[in-house]
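Notes for the one structure printed next.
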Amino acid sequence: MTESLSADVLVALEILVLEYVEEHSLKILGTCPPWFTQLYPNTPLSLDASWIATHSPFLYNFLVDAADFWDQDQPGLYKSGLWCETDPQNQDLHLEASALKINRKRILLIKASLSDYTELLSFIQTARESSLDFIEERKQASESILRTTFYDALTGLPNQTYFLIQLAHGFERYRHKDNYHFAILIINIDRFQSINDSFGRLAGDQLLISIAWRLKKRLRESDIFARLSGDEFIILLDSIEEISSPLFAANQISTEFTHPFSLNGQELFITASMGISTTLMEYDRAEDLLRDANTAVSYAKTLGRSNYIVFDQTMHARAVRLLQLENDLKRALQEQELTLLYQPIVCLADQRIIGFEALVRWIHPTFGLISPLEFIPIAEEMGLMMAIDQWILKESCFRIQQWRKFTDEPLSISVNFSAKLFDKFDLALQIKQVLRETGISPQYLMIEITESIVFSQVKAAVNTLHQLKDLGVRLCIDDFGTGYASLKYLQQLPVDTLKIDRSFIKMMDPNNLDLVRSIILLAHDLGMNVTAEGIETSAQRQYLLDLGCQEAQGHLFSHPVDGQVALQLLQAKSIL
Ligand code: C2E
Ligand code: MG
Ligand code: MG
């Protein structure tokens, strides 16, 4: 009987899709591959569970048990693996089951290994013949269920569910077949949110469809291309021999993005970041490949646009650390793990301390000292920065209020503010409250905002900075020279000080002073002060003095120190 079955049916039997209707009741809805590929539209297969129960109690029990077995799965999670059963009457029949659960619907995939096809095929074929009426009845319903289950409604591409099934298959092949390898490539569209924001969701959807179809043309028949979620696509590159194959594919995909997309009659250039993982690295579980491709694409994103990255182990360590930091950061404030260091700002001419910059540190219980450069972006992402900024502001103002008793200087404290401040919270109001609580006079508080933040949202910045100025606090543009300050706006900003970024200070030598000179001249022309940051040598100090810079900070004078040492430095009147 098996010999008479067509190749189509053979493919169809590779996976049966079953819907677990209620406890101990299963319905076989159809067979997957024909539906997915639409190559075999005439081989749907629907079987009634009660029919199976009568004709093959073994198979029925197997299905029910397997479904119960997988019942512990989390919704949405695919659990791959083998679950084999032997028919007590027929020792030859081995079945494997894997399952996934989508919301409340459970789908069970049954595979028979090649040698067992004979048994299974003859059984299924008989079943099929006996239930033709049932097939007709169920056909349409099954079709639409399968479509929504395995296809993405927007792009028409296979969806994540379908991809996971194919991934499990690919992984089985990799485990059992010598020298078979495959790669996963995740493609994430860069700045897709801003496309949605500027052109509207419908246009965003249109773009996703265009991307899907453009990339599809690039791939081989054997590659599986699916939409993973929102602006993320995934490809399973079948049968690769070495790492150059996925790299080549990624390169080709990048090339596709060099041509503009047409959106609302407008030409739009977009880019994508890609992450790759391959079985060329040893893997025990298919999920881990997916996880690593994800890690790689996240990493590619941090490098800027249009990068593709192959996963390596250091990335895993980094991702684990990131996750740990995210988990722990929520507690850090309550547990008082954040602390402030203070770096003196001195008058260049006589090295009197005229202020301090508050610099935050996280003393992590296991990792030790963590730089703000590492944890502030995480805190911003998690929406914790507002609370952290407020704590820093309060703590700094209390400190300076105490220290002012030990000096006759108009000692000020400089506090950095993070990137999200212009849109997320009413900065002026917060500062006003802290000034009132701590009783510090506003001119002793200097707010530092980096140049790139100010000029990336300059209209909002002009507004906010004027509100702050009205409170009487002083304003400093930090890391000046690294962003794209516009002269037009710089003139409009009520800024007191430009702080030259330390990369420019580092570059200074007798033949290379023009840049710093022109920043100083510009600041003075605009009636602003200049602070130079990152002075490490006395030569740098001398250049800056010669160029007319008044204030500085850097390791030459003092590293950032804790509050106690800061006070000692202050009481010593000057540094050196
Ligand atoms: P920034 O505001 O430009 O701070 C100056 C950075 O340069 C500090 O690094 C400081 O320790 C370092 N530095 C000072 N003098 C020298 C020197 O002579 N040589 C070298 N190589 N480095 C020097 P830090 O403390 O790691 O802070 C890095 C950045 O993190 C800061 O840059 C600031 O953007 C951000 N940050 C620090 N504390 C806070 C904070 O309390 N709130 C916010 N929002 N951001 C902060
Ligand atoms: Mg600063
Ligand atoms: Mg700086």
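We're numbering straight along the sequence, starting at 1. In each ligand, atom 1 is the first atom listed, and ligand 1 is the first ligand listed. These numbers come from a predicted model, not from an experiment.
- The closest side-chain donor-acceptor pair between N188 and S273, if any, does not fall under 3.5 angstrom.
- Remark: R399 fails to qualify as a cation-pi partner of F356 under the 6.0 Å distance and 45° angle criteria applied to the six-membered ring.
- Using 4.0 Å as the threshold, K499 has no heavy atom nearer than that to any atom of ligand 1.
- A heavy-atom separation below 4.0 Å is found between R361 and ligand 1.
- For ligand 1, the polar-atom distance check finds an N/O of R502 within less than 3.5 Å of one of the ligand's N/O atoms.
- Those atoms of ligand 1 that come under 4.0 Å of a heavy atom in D389, given as number and element, are 44 (N).
- Around the Mg ion (ligand 2), the protein N, O or S atoms closer than 2.8 Å are E357 OE2, N416 OD1, E448 OE1, D478 OD2, listed by chain and residue number.
- Per-residue contacts place E533 under 4.0 angstrom from the following atoms of ligand 1 (heavy atoms of the residue considered): 1 (P), 3 (O), 4 (O), 5 (C).
- Using bins of under 30°, 30° to 60° and over 60° for the plane-to-plane angle, the ring pair F261/F257 lands in the tilted bin.
- Counting heavy atoms of neighbouring residues, nucleotides and ligands inside a 6.0 Å radius, atom CG of D284 does not exceed 12 of them.
- In terms of modelled atom types and a separation under 3.5 Å, the side chain of S558 and the main chain of G554 share no donor-acceptor contact.
- Counting atoms of ligand 1 from 1 in the listed order, those under 4.0 Å from a heavy atom of E536 are 17 (C), 18 (O), 19 (N), 20 (C), 21 (N).
- Under 4.0 angstrom from ligand 1, the non-hydrogen atoms of N416 come from both its backbone and its side chain.
- Judged by distance alone, the side chains of Q553 and Q343 do bring a donor and an acceptor atom under 3.5 Å apart.
- Counted by atom type alone, Q160 and R227 present zero donor-acceptor pairs between their side chains at under 3.5 Å.
- Against a heavy-atom cut-off of under 4.0 Å, I392 is close to the following atoms of ligand 1: 40 (C), 41 (O), 42 (N).
- Contacts with ligand 1 closer than 4.0 Å are made by no heavy atom of L340, backbone or side chain.
- Within the structure, ligand 1 lacks Q553 among the residues with a heavy atom less than 4.0 angstrom away.
- No side-chain donor-acceptor contact under 3.5 Å links D292 and T295.
- With hydrogens and angles left out, the side-chain atoms of D478 and T450 include no donor and acceptor closer than 3.5 Å.
- Between R321 and E374 there is a salt bridge, since at least one side-chain N of the basic residue sits less than 4.0 Å from a carboxylate O of the acidic one.
- Only side-chain heavy atoms of I376 come within less than 4.0 Å of ligand 1; its backbone N, CA, C and O stay farther off.
- E551 is not listed as a side-chain neighbour of V346, based on a closest heavy-atom distance of 4.5 Å or more.
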